[in-house]
Amino acid sequence: MSFIKNSLAKIRHLDSLKWGLLVILVNLINQILIVPFFLTYFDKEVYSLWLVMVAFILLIRTINLGQLNYSSNLINIEYFKGEKVDEFINSAFGANIVLVTLQLLVGFILSVPQVFSAISGFEIGFLVNNDFTLIFILLLISRLLNQIFSLFYLRLLEPLNLISKRIKYDGIRELLEVCIIITAIVVFQDLLPIALAILGYNLVFTGFTYIKVRENISRINGDIKIEFKQSIAIIKNSTTLFLSFCSDKLYENGLNIFITALYNPILLPLFSSTRTMTNLSLKFATVISEPLMPDLQKNYSQKDDVNLINGLKYYWKLTFLPIYVLLLLLLPIVEFLFNLWTKNKLDFSLDLFLWMYISVYFLNYSSVLTQFFRRTNFAKQLIGYSVTKTITVIGFLYLLAYLKDLAMAGLAMFVGEFISCLILLFQIYRFKGFVFLQKIWYYFFMSTVLSVFAILFLFFKNYIVFYISSIIVLIYHVWNHFPFKKNLHFNSK
């Protein structure tokens with residue numbers, strides 16, 4: 001029976017991964033092409049304004065992320081238990097109405113040039129001359145529409161074992177949106193029509209997708225009957241998850257705002273572009289982890305720790321080597337590629353790149369664990385992790401800002417990821433015990449060893465020693481964990 005369960009889980013995962021490859025391709029196109037197009041048709045200050053607006057909007061989206069994830073998790077887990085989920089779905093729809101109203105209110109306040117200028121450091125005249133208020137509101141409405149539809153409505157497909165369909169529509173949406181943005185940049189060379197094009201596209205695609213999937217959704221929810229009393233209870237119960245997301249998103253998206261405030265808005269494109277380059281290695285990992293979540297939720301709801309551990313190890317086995325090998329391949333040519341990519345308009349920093357890249361080691365390790373905690377509504381276990389990471393990174397940014405060396409922002413990110421990962425491991429020990437922790441610590445240890453080699457390279461710039469030591473460790477890893485094993489995935493170790 002266990003073999004059958006594992007086989008079905010792998011088949012569903014591979015089916016989702018097929019569409020996930022489209023998401024990888026879209027992210028590559030998006031993050032690689034958008035940067036040179038913006039740098040070609042806009043000056044760096046206007047591009048910085050765009051990046052900061054996007055960062056603020058992503059922070060506003062955080063207001064509803066806790067509820068969206070809490071509700072979806074609750075629906076999935078109860079459905080796997082064989083319970084009816086209509087009441088949970090209807091309560092979640094009401095909660096969405098309440099929180100989207102709050103998000104719009106916050107967005108309208110931030111769209112006032114005087115308020116935005118005081119927070120971001122951009123001059124009021126510059127904001128007014130670039131139609132800031134209208135652009136900000138158009139982008140906000142577009143992103144909130146996409147958030148509700150993608151993170152809640154389409155996620156209702158997950159308990160029906162249709163996660164591959166959800167990923168397919170998300171991938172197609174992102175691909176077409178990238179094409180729309182690039183076309184609008186070239187044709188209009190103005191931020192306002194770009195924002196209008198994004199909103200128009202999202203309205204059309206959302207309507208089209210709703211028509212395509214509503215028959216599937218009706219299988220678990222026929223009529224929407226909103227009860228705001230239960231909706232408020234949903235919002236209250238999701239508070240811990242909301243706080244966790246707030247802390248994480250302040251780190252993930254808010255750093256752009258801190259860079260403009262502590263350094264210089266002109267330096268933001270360098271910071272953002274370098275971060276984009278280092279995070280490309282995580283895209284494959286994200287695509288792998290997302291389809292795993294319904295099965296991990298099911299294993300948790302059925303108290304099946306064996307398959308829960310194997311699912312986590314399956315993720316790390318698929319993501320560990322690509323991230324480390326990519327650095328070895330990139331290192332000799334990364335500056336050339338960066339300059340080619342950014343049209344020589346940004347000054348590459350190897351130190352910034354490496355600090356950011358090794359922070360990805362620990363972000364990759366922790367991401368599937370944090371996803372699991374959030375998908376099972378155990379956000380309390382994440383508060384310490386999220387708050388520690390955010391406070392550490394922002395604290396280091398402030399402490400090191402006087403050096404005016406942007407590479408120190410990368411150092412701050414590395415320290416934050418490493419320390420918060422230790423906190424997460426401690427929380428896992430408290431939540432599941434020492435035996436569980438003992439079975440999943442290996443990849444954290446390997447990440448630590450390889451990051452030490454990278455730090456030594458930062459100081460000595462000795463390519464030969466770095467490559468020899470890294471390759472020896474990677475050969476040891478492959479020899480002990482991959483060769484001659486018939487079942488690499490769920491049944492290994």
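Just so you know, these numbers come straight off a predicted model, no measurement behind them.
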Is it the case that the side chain of [X] and the backbone of [Y] share a donor-acceptor pair, with hydrogens and angles ignored and the cut-off at 3.5 Å?
{"X": "T239", "Y": "K236", "result": "yes"}
{"X": "S272", "Y": "P269", "result": "no"}
{"X": "T209", "Y": "T206", "result": "no"}
{"X": "Q147", "Y": "R61", "result": "yes"}
{"X": "S244", "Y": "T240", "result": "no"}
{"X": "S142", "Y": "L139", "result": "no"}
{"X": "D43", "Y": "V46", "result": "yes"}
{"X": "S231", "Y": "S91", "result": "yes"}

Once you round to the nearest 0.5 Å, how far does [atom1] of [X] lie from [atom2] of [Y]?
{"X": "L145", "Y": "I198", "atom1": "CG", "atom2": "CD1", "result": "12.5 Å"}
{"X": "Y70", "Y": "N237", "atom1": "OH", "atom2": "CG", "result": "4.0 Å"}
{"X": "D190", "Y": "Y41", "atom1": "CG", "atom2": "OH", "result": "14.5 Å"}
{"X": "F372", "Y": "F431", "atom1": "CZ", "atom2": "CZ", "result": "5.5 Å"}
{"X": "I60", "Y": "L65", "atom1": "CD1", "atom2": "CG", "result": "12.0 Å"}
{"X": "S71", "Y": "F152", "atom1": "OG", "atom2": "CZ", "result": "6.0 Å"}

Between [Y] and [X], is there a side-chain heavy-atom distance shorter than 4.5 Å?
{"X": "L250", "Y": "F258", "value": "yes"}
{"X": "F116", "Y": "T133", "value": "no"}
{"X": "M413", "Y": "W355", "value": "no"}
{"X": "L151", "Y": "N146", "value": "no"}

Go through the side-chain N and O atoms of [X] and [Y] and say whether any donor and acceptor fall under 3.5 Å apart.
{"X": "Y315", "Y": "S367", "result": "yes"}
{"X": "T390", "Y": "S247", "result": "yes"}
{"X": "Y251", "Y": "E417", "result": "yes"}
{"X": "E87", "Y": "N90", "result": "no"}
{"X": "Y385", "Y": "S366", "result": "yes"}

- Between Y79 and R155, is there a cation-pi geometry (under 6.0 Å to ring centre, at most 45° from the normal)?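 Pair R155/Y79 does not count as cation-pi.
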Using every non-hydrogen atom in the two residues, find where [X] and [Y] come nearest and quote the distance to one decimal.
{"X": "V393", "Y": "A412", "result": "CG2-O, 3.4 Å"}
{"X": "M356", "Y": "G410", "result": "CG-CA, 4.1 Å"}
{"X": "V35", "Y": "T342", "result": "CG1-CG2, 4.3 Å"}
{"X": "L406", "Y": "L352", "result": "O-CD1, 3.4 Å"}
{"X": "Y201", "Y": "I172", "result": "OH-O, 3.9 Å"}
{"X": "L49", "Y": "N130", "result": "CD2-CB, 4.2 Å"}

- Member of L51, L58, V54 meeting the side chain to side chain contact (heavy atoms under 4.5 Å, CB included) criterion with N253: L58
- Among V98, N64, N96, find the one that has a side chain to side chain contact (heavy atoms under 4.5 Å, CB included) with I235.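 With I235 as partner, V98, N64, N96 yield a single side chain to side chain contact (heavy atoms under 4.5 Å, CB included), made by V98.
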- Message: Check the orientation of F205 and F208. Use parallel for under 30°, tilted for 30 to 60°, and perpendicular for over 60°.
- Response: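 Rings of F205 and F208: tilted, 30 to 60°.
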- Query: Aromatic rings F362 and F418: how do their planes relate, parallel, tilted or perpendicular, breaks at 30° and 60°?
  - Reply: perpendicular
- Message: Are there over 12 heavy-atom neighbours, none belonging to Q114, within less than 6.0 Å of that residue's CD?
- Response: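 Atom CD in Q114 is crowded, with more than 12 foreign heavy atoms closer than 6.0 Å.
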- Got more than 12 heavy atoms from elsewhere within 6.0 Å of CD, Q189?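 For Q189, atom CD is crowded (more than 12 foreign heavy atoms under 6.0 Å).
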- Message: Please enumerate all residues that pass ring-ring contact (aromatic ring centres under 6.0 Å, His included) together with F126, with sequence neighbours excluded.
- Response: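 Residues passing ring-ring contact (aromatic ring centres under 6.0 Å, His included) with F126: F122.
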- Query: With sequence neighbours excluded, what pairs up with D305 under the salt bridge (Lys or Arg N to Asp or Glu O under 4.0 Å) test?
  - Reply: K432
- Item | Set of salt bridge (Lys or Arg N to Asp or Glu O under 4.0 Å) partners for E177, sequence neighbours left out | R143, R173
- Would you sort out whether T319 and Y365 count as a side-chain contact (heavy atoms from CB on, under 4.5 Å), showing the intermediate values? CA-CA 9 Å; T319 60; Y365 179 82; over 6 Å; no
- Would you please indicate yes or no on a ring centroid separation below 6.0 angstrom for Y210 and Y153? yes
